[in-house]
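A quick write-up on the structure given underneath.
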Number of protein chains: 2
Amino acid sequence: MPMQEMQIAHHDCGDCPIRHRAVCARCEADELTALEQMKYYRSYQAGQTVIWSGDRMDFVASVVTGIATLTQTMEDGRRQMVGLLLPSDFLGRPGRTTAAYDVTATTDLVMCCFRKKPFEDLMLATPHIGQRLLEMTLDELDAAREWMLLLGRKTAREKIASLIAIIARRDATLRLKAPKGALVFDLPLTREEMADYLGLTLETVSRQISALKRDGVIVLDGKRHVTIPDFDRLLEEAGDDSDGGMPG
Amino acid sequence: MPMQEMQIAHHDCGDCPIRHRAVCARCEADELTALEQMKYYRSYQAGQTVIWSGDRMDFVASVVTGIATLTQTMEDGRRQMVGLLLPSDFLGRPGRTTAAYDVTATTDLVMCCFRKKPFEDLMLATPHIGQRLLEMTLDELDAAREWMLLLGRKTAREKIASLIAIIARRDATLRLKAPKGALVFDLPLTREEMADYLGLTLETVSRQISALKRDGVIVLDGKRHVTIPDFDRLLEEAGDDSDGGMPG
DNA sequence: CTTCCTGTTTGATCTGGGTCAAGGCTTTGC
DNA sequence: GCAAAGCCTTGACCCAGATCAAACAGGAAG
């Protein structure tokens, strides 16, 4: 069994999309209590499968720490990643009983879970939660559409540059760092996972990363540790228009 | 100005995602009244642009009849379609003031519109609407993810077969026809639009359609009129697992 | 230390789909 | 009727990225 439940202090779950504490600040106390009472935690080790496509899924969850991926696989084994869940991202769909995608922990992962039925009941009773979920789903849809442009029309080099920019941006946002200046972070994905994200082979990913390194767009220390000397240069390579949607 | 307002009888808008009449049947009368009072219609001719990416967008809408597309364009002109709006689909995002994509009418198009601000107010007051919108957005997200698998991992032939299957399925659903037996319909997209949908060139689209026709997977009468003698065969060619998500 | 294992890099070759180019088929307008 | 404009098809050729293959790097186990 890949799953184990564990104890985490209330405030450790600050990035939950359901925003326990935000609800607490704005709403009646019993809403907070209801959410707090039904939440629990699960942790997974890097590489573990959280759930298989088609399996019964009786919970919804949000990522507290670590990274998970959603992937689709064709019968002959071709794989395409269709979602990348970073801390604060939401997993699961109210109103659906089975998982539509394989969900895998690519790093050690802690999720804050809610059993689906009581969560759905609470959603009906608490419009804030549904509104927040709508907002998050619309953001995911926008991300999916940017991803579609990448998959359909970008070159291998542009795809790699785009992915590195996306990870750098989310990393900076999570740490509340200023987006300008040299960005430094670790790639949380293997070459093969990047290939699954980008619709490429792992060899092409490796070659294009080497090319970006040779051209000075990125600086690599080992295989994972990346420094970006000039973020605008990276965005140019990604084929994005100037700001590329950098938040803040 | 590409837009003109027009009068349509109340019941002509039966496919509005907001479901005036469903709301009417289930809810208090004043909810229905509020929606009915704020709705209005716009019609566009085939080829007209509904709105450009980045433009101010002060309304949300749903397609009543016709087809619209959402596309993203890179500076050098590469285009990728990221959404295909058929009757009953929703356009616009509560909480955003500018359009994120180019929206184009590919056939003559009638949309049922609501000014954004009063619609948002009504959403806050009427949880049903937000819940319905969440449900629709989640469906769109699922469609986007299936589309990502297509763009990232399918061959040109599979992409064409998939698109034809998607159109056939939606066409059958709209007309409430049984999905089995020979399906007959018109392709609502030009070869170039299909190419933008699939991340291909129009020449490749043309060649692959010819190949599917030669192999008897589809029967073409003229350039647009398609008959599908065996839907399961088409799904095999599309690389989808058996049912391919056919609703009903 | 050596061996194994997993992830990665790099090279050689192949090929699906892009690019460039030439016509063909309808519809519209004169 | 003819001409022009769209849209579509088909052919010839090319190249970005896939495939096949070999070797490398670093960590874990013995």
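Residue numbering restarts at 1 for every chain, and letters A, B, ... go by the order of the sequence lines.
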For dT9(C) and Ser206(A) - does any side-chain N or O of the residue sit under 4.0 Å from the phosphate oxygens OP1/OP2?
yes

Separation of Lys223(B) atom NZ from dG6(D) atom C1', in whole Å?
11 Å

Assign Gly47(A) to base, sugar-phosphate, or nothing according to its heavy-atom contacts below 4.0 angstrom with the strands shown.
nothing

So, does Thr201(A) get its side chain near the phosphate of dG17(D), meaning an N or O under 4.0 Å from OP1 or OP2?
no

Whole-Å distance separating the CZ atom of Arg207(B) from the P atom of dT9(D)
11 Å

Whole-Å distance, Arg153(A) CZ to dA16(D) P, equals 17 Å

Decide, yes or no, whether a salt bridge links Glu140(B) with Arg145(A) under the criterion of side-chain N to carboxylate O below 4.0 Å.
yes

How many whole angstroms separate atom CG of Leu202(A) from atom P of dG7(C)?
10 Å

Within this structure, what is the CG-to-P distance between Leu187(A) and dT8(C), rounded to whole angstrom?
9 Å

So what does Ile209(B) touch, heavy atoms closer than 4.0 Å: a base, only the sugar-phosphate, or nothing?
nothing

Given Val50(A), Thr104(A), Thr65(A), Ile67(A), the one that forms side-chain contact (heavy atoms from CB on, under 4.5 Å) with Leu109(A):
Val50(A)

What integer distance in Å separates Glu203(A):CD from dC20(D):P?
10 Å

Is there side-chain contact between Thr137(B) and Leu141(A), with at least one heavy-atom pair below 4.5 Å?
yes

May I ask you to evaluate whether Ser210(A) reaches the phosphate of dT10(C), defined as a side-chain N or O under 4.0 Å from OP1 or OP2?
yes

Could you tell me whether Arg207(B) and Glu203(B) have a side-chain N and a carboxylate O separated by less than 4.0 Å?
no

Rounding to an integer number of Å, can you tell me how far Gln80(A) CD sits from dA18(D) P?
12 Å

Spacing between Gln208(B) atom CD and dT9(D) atom P, to the nearest angstrom
12 Å

Is any NZ, NE, NH1 or NH2 atom of the basic residue among Asp139(B) and Arg96(A) found under 4.0 Å from an Asp or Glu carboxylate oxygen of the other?
no

With a 4.0 Å cut-off on heavy atoms, is Arg224(A) in touch with a base, just the backbone sugar-phosphate, or nothing at all?
sugar-phosphate

